[in-house]
**Q** 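I'd like to ask some things about the structure below.
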Amino acid sequence: MKFARRLTAWKSLLTKRAERTRIRDEDCLPLDTMSQEAQKSSVITIEHAPEYAGEVVTVRGWLYNLRESGKLLFPIFRDGTGVMQGVISLKEQPQAFEALKGLTQESSVIVTGMIQAEPRAPGGCEIHIQAVEVVQKVPESSPYPIQLKEHGVDFLLDQRHLWIRTPRQAAILRIRAEAIRAARNYMDAEGYTLTDAPVFTPAACEGTTTLFEVNYIDDQKAYLTQSGQLYVEATAAALGKVYTFGPTFRAEKSKTRRHLTEFWMLEPEAAFAHLADMMDLGEGLVSAIVQSVVKNRARELAALGRDVSKLEKIAAPFPRVTYDEAVKVLQTAGNPTKWGDDFGGDEETLLSKEFDKPVIIHRYPAAMKAFYMATDSERPELSLSFDMIAPEGFGEIIGGGERQSDYETLVRRIRESSLPEEAFQWYLDLRRYGSVPHAGFGLGLERTVAWICGTEHIREVIPFPRMLYRVYP
RNA sequence: UCCCCGGUAGCUCAAUGGUAGAGCGUUCGGCUGUUAACCGAAAUGUUGCAGGUUCGAGUCCUGCCCGGGGAGCCA
C-alpha cells in the first residue's frame with residue numbers, strides 16, 4: 001500500500017515536471033554541427049587533462065557550475081572522470097562566450113580549447129575555451145534540481161538517478177568497481193572458479209521471515225535468494241574451489257545505515273576446507289581489496305577525504321579472537337553481554353575499536369548460527385563459524401565457517417529449524433553422495449565498500465539502493 | 001514490530017497562539033581571475049492530510065500518511 005501511494009505521488013510529480021520540461025528545438029544542436037576546431041583536436045577525458053598542457057583538445061561532458069565575472073566566465077565541466085575549470089573572455093572569443101553565458105547547470109556540451117597549468121584553478125589546470133557546442137541546454141523553466149549545496153536525504157534518494165553525477169558519488173562508484181575487480185582477481189588467482197547461483201529459489205537459506213516471495217509460473221511460489229550458499233556448496237563438490245558473486249535479497253524490516261534489501265555478496269566455498277582455511281582466505285581477500293583500492297583509486301579516496309593511512313595498515317594477518325575471549329573482552333569493558341548472547345552493533349563496535357584492522361571472531365555458540373553450520377567436535381556447543389568485523393564501527397563484513405557434512409545431523413537441524421524438508425532434498429543429496437568437509441563464507445560488498453570509503457550510510461555505495469519502503473528510482 | 005526525531009517556496013531552513021520570511025536556485029541588471037564567486041532587483045506558498053480547541057493555529061490537542069535514525073535481525 002505504501003509503495004502504491006508513493007508511486008502515485010511520483011507519477012504526478014513526473015507528469016508535472018514533464019509539462020514544464022518541454023524541450024524546444026533550438027535547445028538542441030545536431031552532433032554533425034561540430035566545429036572545425038573540435039573536429040581537428042583530439043578528444044580527451046578530464047582525468048588525463050594535465051598530460052595535454054599546451055595542447056588544444058576537446059572535452060565532452062556537462063556543465064557542472066558556472067561563475068560569471070562580467071566579461072569573463074569560469075565554467076566548470078565534468079565528464080565522469082573528473083571536473084575541470086574553463087575560462088573564456090568576451091573580448092577574445094565572443095561566439096563561444098555567448099554560447100556559455102547564462103548556460104544552465106548540467107547542460108551537455110562539447111568544449112574545445114587549450115589546456116594550461118593554472119594554480120588558481122581547482123585541479124591545477126584549466127581549459128582556455130575556443131569553441132563550445134551546446135548539445136542540449138537544460139531549460140531555465142525546469143533547472144537541474146541538485147544544487148552545489150547541502151540537500152536532505154529523502155530528496156537526494158528521490159533524485160538518485162541524478163545524484164550519482166556529483167563528484168563524490170561518482171568517486172564512490174568507481175571505488176566499488178575497483179573493489180569488485182580486486183576481489184575477483186584475488187579469488188581467480190587463488191584457484192577459485194566463478195559459478196553463478198540462481199536468484200529464484202524454492203526455499204529459505206536463512207530465516208523464513210525475511211524472504212521476498214514472488215509469483216512464479218502457473219501459481220507456483222518462488223523466493224528471491226537470500227544467499228548463494230547452498231548452491232555454491234553443490235558447485236564446490238563439482239569443481240572443488242568456487243565462488244559466486246551476485247545480488248541477494250532480504251526482506252528485513254531494518255532501517256539502519258548498514259542495511260539494504262538488495263545487496264551483493266561474494267561467497268567462496270571449497271571442498272576439503274576447514275574453518276582455518278576460510279579465515280585465511282577471508283583476511284587475504286579483504287587485504288587484497290583494500291590495497292587495490294588504495295593503489296588504484298587514490299584520487300577517489302582523496303575526493304572523499306578518506307584517511308588513507310588507516311587503510312594502508314590493512315594487511316593480513318588480522319587479529320583473531322574466539323567467541324569466549326570476545327565475551328570476556330566485552331565484560332571487562334563493562335558491557336553486559338553474557339555467554340550465549342549474540343553481539344549487536346554496540347558490541348561489534350566496541351570489539352572493533354580494540355584493533356586497527358578487521359577482527360575475526362570465531363567459534364560462536366551453535367545455537368545462534370544457521371542449520372548448515374558444523375559444530376566443534378571437542379565442544380559440541382560451539383559452531384565452526386567466524387565473522388569478520390570491519391574497523392571504525394562499520395560492522396560485520398564477513399560471516400561464514402565450516403558446513404555440516406553429516407547427513408543425519410543435517411536432517412535433524414533442518415527439522416529443528418522448522419524448514420520445509422522436501423525443498424532441501426537436493427541439498428541433502430550433497431551429503432548422500434560423497435560428502436566431504438567443506439567451508440566457505442559470504443562477504444558483503446556494500447559494507448566493505450562503505451568501510452573503505454568511510455561513508456556515513458551504506459546506501460551511497462550502490463548505484464540504486466533498495467531499502468525498506470524505497471524502490472524508486 | 002517497537003523506541004526516538006522530523007514534515008513550511010523547486011532546495012536548505014527561520015517564524016512567543018496575532019500580517020508566512022531568509023539564503024540558494026530561476027528571471028532581469030552590474031562586475032576581466034572567479035573558487036558552493038560577489039553586488040542590486042523581481043517572481044515563487046493547499047505550512048504532509050483530516051478533524052478539534054480558540055476571537056485567531058505553521059505553532060496547542062487527537063487520528064492518519066510520509067520520511068529519517070536506532071533496536072531486534074543481519075552481510
Side-chain angles (χ1 to χ4, degrees), chain A residues 1-3 5-6 8-9 13 16-17 20 64-76 83 85-92 97 102 104-105 118-123 126 128 138-159 166-167 205-207 209-210 226-229 247-267 282 341-346 348 368-370 387-390 394-400 441-451 456-459 467-470:
Chain A
M1 286 305 285
K2 280 179 175 176
F3 284 147
R5 249 178 246 128
R6 271 190 81 90
T8 311
L13 187 139
K16 276 183 209 159
R17 186 182 296 170
R20 287 202 316 261
Y64 178 63
N65 193 19
L66 177 64
R67 286 188 288 267
E68 300 189 1
S69 179
K71 295 176 179 60
L72 208 53
L73 301 180
F74 297 96
I76 296 181
V83 296
Q85 174 170 290
V87 63
I88 184 167
S89 73
L90 173 63
K91 200 173 156 189
E92 289 165 24
F97 185 95
T104 37
Q105 194 191 353
E118 173 53 68
R120 287 171 292 187
E126 67 184 9
H128 288 252
V138 174
E140 289 91 344
S141 56
S142 63
Y144 186 68
I146 300 179
Q147 302 174 29
L148 276 65
K149 64 166 202 169
E150 292 293 325
H151 290 283
V153 169
D154 189 37
F155 174 75
L156 286 174
L157 285 173
D158 280 343
Q159 310 288 338
T166 62
C205 306
E206 310 274 337
T209 55
T210 64
Q226 299 166 304
S227 161
Q229 145 100 51
T248 51
F249 308 86
R250 296 193 189 171
E252 291 165 0
K253 296 271 177 78
S254 293
K255 287 170 64 171
T256 82
R257 70 188 64 188
R258 299 184 306 279
H259 280 87
L260 298 167
T261 54
E262 177 179 333
F263 65 98
W264 286 64
M265 262 206 300
L266 189 149
E267 297 176 276
D341 292 346
D342 207 350
F343 300 151
D346 288 350
E348 285 179 359
M368 68 175 68
K369 288 293 173 184
D387 286 352
M388 187 186 292
I389 316 292
F394 281 90
E396 186 184 335
I397 53 173
I398 283 182
F441 63 80
L443 172 122
L445 177 73
E446 285 77 13
R447 286 193 184 172
T448 305
V449 175
W451 157 52
E456 184 71 16
H457 199 296
I458 195 169
R459 64 186 158 223
M467 300 183 296
L468 190 62
Y469 307 136
R470 186 181 284 283

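Only this structure's heavy atoms are used, side chains among them; waters, hydrogens and symmetry mates stay out. Throughout, a chain's letter reflects where its sequence line sits, starting with A, and its residues are numbered from 1. Just so it is clear, the structure is predicted and the values come from calculations on it, not from any experiment.
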**Q** Please state how far atom CD in A:Glu348 lies from atom P in B:G70, giving the value in whole angstrom units.
**A** 13 Å
**Q** Under 4.0 Å between any heavy atoms, over every strand shown, what does A:Glu396 touch: base, sugar-phosphate, or nothing? Just pick one.
**A**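 Sugar-phosphate: the residue A:Glu396, judged by heavy atoms under 4.0 Å, touches backbone atoms but no base.
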**Q** Flag the pair A:Arg67 / A:Ile76 as yes when at least one side-chain heavy-atom distance between them is below 4.5 Å, and no otherwise.
**A**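 They are in contact (side-chain heavy atoms under 4.5 Å apart), so the answer is yes.
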**Q** Heavy-atom nearest nucleotide on RNA chain B for A:Ile397 versus A:Arg459: which residue maps closer to 5'?
**A**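 Closest to the 5' end, via its nearest nucleotide, is A:Arg459.
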**Q** Starting from P on B:C13, measure out to CD on A:Gln147 and report it in whole angstrom.
**A**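 For the pair A:Gln147 CD and B:C13 P, the rounded distance is 12 Å.
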**Q** Could you check A:Met467, A:Arg257, A:Arg447 and say which one makes a side-chain contact (heavy atoms from CB on, under 4.5 Å) with A:Ile458?
**A**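 With A:Ile458 as partner, side-chain contact (heavy atoms from CB on, under 4.5 Å) holds for just one option, A:Arg447.
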**Q** Looking at B:G68, I'd like to know if its phosphate oxygens (OP1 or OP2) sit under 4.0 Å from a side-chain N or O belonging to A:His457.
**A**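 Answer no for this pair, as no side-chain N or O of A:His457 is under 4.0 Å from OP1 or OP2.
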**Q** Can you check whether A:Arg250 has a side-chain N or O nearer than 4.0 Å to OP1 or OP2 of B:A75?
**A** yes
**Q** Which part of the nucleic acid does A:Glu118 contact within heavy-atom distance under 4.0 Å: base, sugar-phosphate only, or nothing?
**A**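 The residue A:Glu118 makes base contact.
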**Q** Could you tell me whether A:Gln105 contacts a base, only the sugar-phosphate backbone, or nothing, with contacts defined as non-hydrogen atoms closer than 4.0 Å?
**A** nothing
**Q** Does B:G33 have A:Phe74 stacked on its base, where the ring centres are within less than 5.5 Å and the planes differ by under 30°?
**A**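 It does not: the two rings, one from A:Phe74 and one from B:G33, miss the stacking criterion.
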**Q** How close or far is atom C1' of B:C38 from atom CZ of A:Arg67, stated in whole angstroms?
**A**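 It works out to 12 Å between those atoms.
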**Q** Could you tell me whether A:Asp342 contacts a base, only the sugar-phosphate backbone, or nothing, with contacts defined as non-hydrogen atoms closer than 4.0 Å?
**A** sugar-phosphate
**Q** Heavy-atom distance under 4.5 Å between the side chains of A:Thr248 and A:Phe263, does that happen here?
**A** yes
**Q** To the nearest Å, give me how far apart CD (A:Glu150) and C1' (B:G25) are.
**A**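 It works out to 16 Å between those atoms.
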**Q** RNA chain B in dot-bracket, Watson-Crick or G-U pairs under 3.5 Å, [ ] crossing, | other strand?
**A** (((((((..((((....[..)))).(((((.......))))).....(((((..]....))))))))))))....
**Q** Starting from C1' on B:C66, measure out to CZ on A:Arg470 and report it in whole angstrom.
**A** 10 Å
**Q** Compare all side-chain heavy atoms of A:Lys253 with those of A:Leu468 and state whether any distance is below 4.5 angstrom.
**A**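 Touching, per the 4.5 Å side-chain cut-off.
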**Q** Side chain of A:Lys255, heavy atoms from C-beta onward: which of B:G68, B:G33, B:A75 has the nearest atom to it?
**A**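 The closest nucleotide is B:G68.
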**Q** Side-chain contact test, heavy atoms from C-beta onward, threshold under 4.5 Å: evaluate it for A:Leu260 versus A:Arg250 and give yes or no.
**A** no
**Q** Rounded to the Å, how far apart are A:Met467 CE and B:G70 P?
**A**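 Rounded to whole Å, this separation is 12 Å.
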**Q** Is A:His151 side chain donor-acceptor paired with the B:C11 base, going by distance under 3.5 Å alone?
**A**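 A donor-acceptor contact between them is absent.
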**Q** Base, sugar-phosphate, or nothing for A:Gly395, non-hydrogen atoms under 4.0 angstrom?
**A** nothing
**Q** Have a look at A:Phe155 and say if it touches a base, only the backbone sugar-phosphate, or nothing, with a 4.0 Å heavy-atom cut-off.
**A**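 Counting heavy atoms under 4.0 Å across all strands, the contact made by A:Phe155 is with sugar-phosphate only.
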**Q** Report the residue (A:Tyr144 or A:Glu126) whose heavy-atom-nearest nucleotide on RNA chain B is the more 5′ of the two.
**A**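 Its nucleotide being nearer the 5' end, the pick is A:Tyr144.
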**Q** Below 3.5 Å, does any donor atom in the side chain of A:Ser142 face an acceptor in the base of B:G10, or the other way round?
**A**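 By the distance-only test, no, there is no pair.
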**Q** Is any side-chain nitrogen or oxygen of A:Arg258 closer than 4.0 Å to OP1 or OP2 of B:G72?
**A** no
**Q** A:Lys71 versus A:Lys91: any side-chain heavy-atom pair under 4.5 Å?
**A**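 Answer no - side chains too far apart.
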**Q** Within a strict 4.5 Å, meaning less than it, do heavy atoms of the A:Glu118 and A:Val87 side chains meet?
**A**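 Answer no - side chains too far apart.
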**Q** Would you confirm whether A:Glu267, through its side chain, and A:Gly228, through its main-chain N or O, come within 3.5 Å as a donor-acceptor pair?
**A** yes
**Q** In residues 85-92 of chain A, what residues come within less than 4.0 Å of RNA chain B, judged by heavy atoms?
**A**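 Going residue by residue through residues 85-92 of chain A, the ones with a heavy atom under 4.0 Å of RNA chain B turn out to be A:Gln85, A:Lys91.
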